[in-house]
Amino acid sequence: MTGQKKIPSFDLTRNYNRVKEEVRVALDRVLETQHFILGPEVEALEKEIAAYLDVESAVGCASGTDALVLALMSLDLKEGDEVITTPFTFFATASCITRNGAKPVFADVDPDTYNLSMESVMEKITPKTKAVLPVHLFGQTCKLELIKDELSQRGIALIEDCAQAIGAHRVIDKKICRAGSIGDLGCFSFFPTKNLGCYGDGGMISIPHGKEKTERIKSLRVHGSGKTYFHDEVGINSRLDAVQAAILRVRLRHLEEWNEERRIVAERYMILFKEKGLLDKVTPPVEESGNRHVYHQYVVKAERRDELQAYLEERGVVTRVYYPLPLHIQHCFSYLGYKEGDFPVSEMLAGTVLALPIFPELLPEEQERTVEEIAGFYGRHS
Ligand SMILES: *Cc1c(COP(=O)(O)O)cnc(C)c1O
């Protein structure tokens with residue numbers, strides 16, 4: 001529509017303006033030290049994240065993808081080993097499995113939360129299963145309490161993909177457990193658009209328990225060397241840099257506030273859908289009880305999704321589809337032998353989900369306009 005301002009799906013500039021001064025002070029501090037790779041700034045961030053998550057330790061690395069690769073490397077997977085995961089996620093969740101020489105085994109997701117169905121995970125376990133890799137998708141934790149004990153009894157590792165869920169939690173045995181503190185390892189991404197983003201690439205692995213695991217992963221991220229130039233095994237080069245760590249330390253102090261603002265945005269969408277009588281056309285995301293959703297994305301199921309998206313685009317409302325093609329039918333995984341129809345829920349979601357604009361600074365007026373346009377598309381003008 002002419003003359004109307006675009007409503008973006010995210011806006012990093014608005015967020016930067018809120019922390020500009022603090023970030024510049026932190027950057028200056030690093031520039032004065034001229035210490036750029038790992039070092040005290042990264043160690044300080046690792047301690048702060050570990051404290052925030054209430055885990056024993058955390059290890060920084062170069063990206064969320066590398067966090068997943070390193071976590072799986074530490075399991076010493078061999079060819080033929082299986083890792084169970086979801087086909088309805090970002091690509092890196094599955095590629096880290098094949099990059100470690102193992103085989104991704106997919107299980108279907110829950111139609112309401114879009115998260116891995118724990119029942120279908122249990123059905124996929126075989127003697128070759130070495131790990132389960134659930135994703136806390138769009139900011140909501142999976143029901144890990146349903147499988148956690150059984151997996152550990154069977155010696156199967158539980159690796160959480162927390163790239164979209166920093167700060168999310170669920171209550172397990174009356175205890176608040178943050179994403180990344182429930183399984184054996186948690187993998188985080190600091191990609192700029194994530195709830196806690198840096199100004200480049202960055203990632204982290206959380207280690208709830210185990211000094212040996214921490215030491216192993218710290219060694220794997222620096223070419224497998226415990227002592228410089230002495231290599232115990234072949235690792236990778238995946239380090240977090242001090243500039244990103246300093247920025248993240250500033251931003252971590254605001255994370256709770258920003259996550260709370262995302263939750264308010266989500267609540268307002270719900271109110272607006274109800275007011276406009278849209279709930280028969282648009283199904284909002286379901287927040288399970290006993291769990292704090294941090295709305296990395298606000299993903300609805302919508303009737304005539306593609307037409308709606310094009311209509312909104314024309315009117316300046318930017319939306320996204322996460323994810324248009326489930327991983328089991330991606331070309332690169334055709335060798336695994338899956339076919340269309342294998343995971344009906346994931347396939348249904350791929351055709352119906354739409355991510356509406358959400359970020360902490362999104363204005364109530366922008367949300368109102370977004371929902372008005374949606375109402376217009378379905379012929380529900382007030
Ligand atoms: C973003 C993301 C990753 C990868 O993180 P990068 O930092 O971009 O490498 C992995 N898994 C999920 C679910 C993600 O959303």
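For ligands, and for the atoms within them, numbers begin at 1 and follow the listed sequence. All values derive from a computational prediction rather than experimental measurement.
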(request) Might you confirm whether atom NZ of Lys143 has over 12 heavy atoms from other residues, nucleotides or ligands at distances under 6.0 Å? (result) no
(message) At less than 4.0 angstrom from any non-hydrogen atom of Thr93, what atoms of ligand 1 do you find?
(response) 11 (N), 13 (C)
(request) Considering the heavy atoms of Thr89, write down every atom of ligand 1 situated less than 4.0 Å from one of them. (result) 13 (C)
(request) Would you mind checking if Arg292 and Glu287 are paired as a salt bridge, meaning a charged N to carboxylate O distance below 4.0 Å? (result) no
(request) Ignoring hydrogens, just give me the one of Ala94, Ser189, Cys162 whose non-hydrogen atom is nearest atom 5 (O) of ligand 1. (result) Ser189
(request) Identify, with sequence neighbours excluded, every residue that meets side-chain contact (heavy atoms from CB on, under 4.5 Å) alongside His296. (result) Gln164, Lys194, Asn195
(request) Please determine if Phe191 has a nitrogen or oxygen closer than 3.5 Å to a nitrogen or oxygen of ligand 1. (result) no
(message) Looking at Glu257, I'd like to know if its CD atom is crowded, meaning that more than 12 non-hydrogen atoms belonging to other residues, nucleotides or ligands lie closer than 6.0 Å.
(response) yes
(request) Can you pull out the closest protein heavy atom to atom 3 (C) of ligand 1? Residue, atom name and distance to 0.1 Å, please. (result) Phe90 CD2, 3.6 Å
(message) Please confirm whether Lys194 approaches ligand 1 to less than 4.0 Å, judged on its heavy atoms.
(response) yes
(request) Taking only Lys NZ, Arg NE, NH1 and NH2, and the carboxylate oxygens of Asp or Glu, determine whether Glu347 and Lys339 approach each other closer than 4.0 Å. (result) no
(request) Run the numbers for me: atoms of ligand 1, each under 4.0 Å from some heavy atom of Val135, listed by number. (result) 13 (C)
(message) With a 6.0 Å cut-off on the ring centroids, do Tyr338 and Phe343 count as close?
(response) yes
(message) Does any part of the side chain of Arg216, heavy atoms only, come nearer than 4.5 Å to the side chain of Met73, both counted from C-beta?
(response) no
(request) Just need the protein heavy atom nearest to atom 11 (N) of ligand 1, so name the residue and atom and give the distance. (result) Asp161 OD2, 2.9 Å
(message) Give me the nearest non-hydrogen protein atom to atom 15 (O) of ligand 1 as residue plus atom name, then the distance to 0.1 Å.
(response) Gln164 NE2, 2.8 Å
(request) Number the atoms of ligand 1 from 1 as they appear, then name those within less than 4.0 Å of a heavy atom of Ala163, with their elements. (result) 2 (C), 3 (C), 10 (C), 11 (N), 12 (C), 14 (C), 15 (O)
(request) Below 4.0 angstrom from a heavy atom of Thr65, which ligand 1 atoms are there? Numbered from 1 as shown, please. (result) 4 (C), 5 (O), 6 (P), 9 (O)
